[in-house]
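Since the structure comes first, as structure tokens, the remarks are kept for the end.
Convention: sequence-line order gives letters A, B, ...; per-chain numbering from 1. Just so you know, these numbers use all the heavy atoms, side chains as well, and skip hydrogens, waters and symmetry mates.
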Protein chains: 2
Amino acid sequence: MDDLNVTSDKRTHNWLDTLRSSGYRLTEPRQAVIDILAKSQRALNATEIFDLAREEYPSLGLVSVYRTLEKLEELELIQKVHHPDGCQSFIAGFTGHQHLLICQVCGQTEFFEGDDLAPLIEHVSRESGFTIEEHWLQFFGLCAKCK
Amino acid sequence: MDDLNVTSDKRTHNWLDTLRSSGYRLTEPRQAVIDILAKSQRALNATEIFDLAREEYPSLGLVSVYRTLEKLEELELIQKVHHPDGCQSFIAGFTGHQHLLICQVCGQTEFFEGDDLAPLIEHVSRESGFTIEEHWLQFFGLCAKCK
DNA sequence: TTGATAATGATAACCGTTTTCATTACGCGG
DNA sequence: CCGCGTAATGAAAACGGTTATCATTATCAA
Ligand SMILES: [Mn+2]
Ligand SMILES: [Mn+2]
Ligand SMILES: [Zn+2]
Ligand SMILES: [Zn+2]
């Protein structure tokens, strides 16, 4: 068992705990969906999760995937990823203020932080008359394996 | 006639020229769609354009809106805008490297430039092993009118 | 003015997502 | 443990935005 699996097992356990303590039941369909998402290195959409999860749990229904995604997003355990060719995929969310780095070939996704946009925000704010409250920053490129 | 209209008339004329010189015909449905998009201060989706354009050109079909959007995007005259609640709206595109600033209340959208992400890109690149080729940066806030 | 054909609008098809509903199974209280 | 109330499920149908089909129309080069 490598580091990735240790990490994803921990994450799986944490997600199940959060579901329970939020009053939701721990069901097999939910566990099947969580098992896939917790270990994925890239964002997945409902159909992809459905296909992967059914390899282990063939009776899973697509509707349960949608319903589980809804709850995981509500609990902020996963987040939606916007991408040039689709904005309906999800990845395990990180805590705090982080941004995404996405491989254009294989989709591998990492988080980064450390952006200092304060001066730019200040400047744009003054020029435009807007009060800036949020920002989206996302990098696209080629991961070590794909280049 | 104010500055906005002068600008949007110029833009309309330019778009029609680009269509013609790309071998496309200048039709009334296309002009109706372009009239709306060229002067909009916020991103619009197909249905919104359809409703607005039909006020002037009631025989317009929704399908022609989709087809016109397809061509305007292909010619890089408009661009898709990603937003927390929808990624299927379009706004007149600017030339060069620019980013979007969007009002969370009324949707008014402006472009800005002058971001210097080079040091951050360099840093993230070294840490992650990625070659970074593109970035998305978008600000959200409240425009002067809405705050 | 004419003719070839690009473009149109009405309609149907498509497809990802949501709703409905009878059935199942989770988990608490006994 | 068991039994019960009900949250959750999967199958099926409905929904809504987008795309494909097709007969008709309108653009524009000759
Ligand atoms: Mn940031
Ligand atoms: Mn930039
Ligand atoms: Zn890659
Ligand atoms: Zn506003």
Taking ring pair (Phe, Tyr, Trp, His ring centres under 6.0 Å) as the cut-off, I'd like each qualifying pair that reaches into residues 22-74 of chain A, sequence neighbours left out, listed once.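 Applying ring pair (Phe, Tyr, Trp, His ring centres under 6.0 Å) to every pair that reaches into residues 22-74 of chain A, excluding sequence neighbours, yields nothing.
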Sort and list the pairs that fulfil ring pair (Phe, Tyr, Trp, His ring centres under 6.0 Å) and have at least one residue in residues 95-128 of chain A, not counting sequence neighbours.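 For residues 95-128 of chain A: A:F94-A:F111, A:H97-A:H99, A:H97-A:H135, A:H99-A:F112, A:H99-A:H135, A:F112-A:F139.
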Sequence neighbours left out, what pairs pass salt bridge (charged side-chain N to carboxylate O under 4.0 Å, His left out) with at least one residue falling in residues 27-51 of chain B?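 Non-adjacent pairs meeting salt bridge (charged side-chain N to carboxylate O under 4.0 Å, His left out): B:R42-B:E48.
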Please enumerate all residues that pass side-chain hydrogen bond (donor to acceptor under 3.5 Å, both in side chains) together with [X], with sequence neighbours excluded.
X: B:K147; result: A:T131
X: B:S59; result: none
X: B:Q138; result: none

What pairs with A:E122 under salt bridge (charged side-chain N to carboxylate O under 4.0 Å, His left out), at least two apart in sequence or on another chain?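 Once residues adjacent in sequence are excluded, the partners of A:E122 under the salt bridge (charged side-chain N to carboxylate O under 4.0 Å, His left out) criterion are A:R126.
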Angle of first-five versus last-five pair axes in the helix from C:dT1-D:dA30 to C:dG30-D:dC1, to 10 degrees: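 Comparing the first five pairs with the last five, the axes sit 40° apart.
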Under 3.5 Å donor-acceptor pair, B:R25 side-chain atoms to C:dA6 base atoms: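 Yes.
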In residues 62-81 of chain A, what residues come within less than 4.0 Å of DNA chain D, judged by heavy atoms?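 Hits under 4.0 Å, by residue number: A:V63, A:S64, A:R67.
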Using residues 16-23 of chain B as the side-chain source, report each donor-acceptor pair under 3.5 Å to any protein atom, sequence neighbours left out, with the distance given to one decimal.
residue, atom, partner, partner atom, Å
B:T18, OG1, B:N14, O, 2.9
B:S21, OG, B:D17, O, 3.1
B:S21, OG, B:T18, O, 3.2
B:S22, OG, B:T18, O, 2.7

On the 0 to 90° scale, with breaks at 30° and 60°, tag the B:F140-B:H83 ring pair as parallel, tilted or perpendicular.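 Perpendicular, since the angle between the ring planes exceeds 60°.
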Applying side chain to side chain contact (heavy atoms under 4.5 Å, CB included) between A:V81 and each of A:L44, A:I102, A:N45, A:T109, report the one that passes.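 Between A:V81 and the candidates, side chain to side chain contact (heavy atoms under 4.5 Å, CB included) is satisfied uniquely by A:I102.
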Where does the chain B footprint on DNA chain D start and end, counting 5' to 3' with a 4.0 Å heavy-atom cut-off?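 The footprint of chain B covers D:dG17 to D:dA29.
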Does anything in residues 31-59 of chain A reach DNA chain C, meaning a heavy atom under 4.0 Å, and if so which residues?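 By residue number: none to list.
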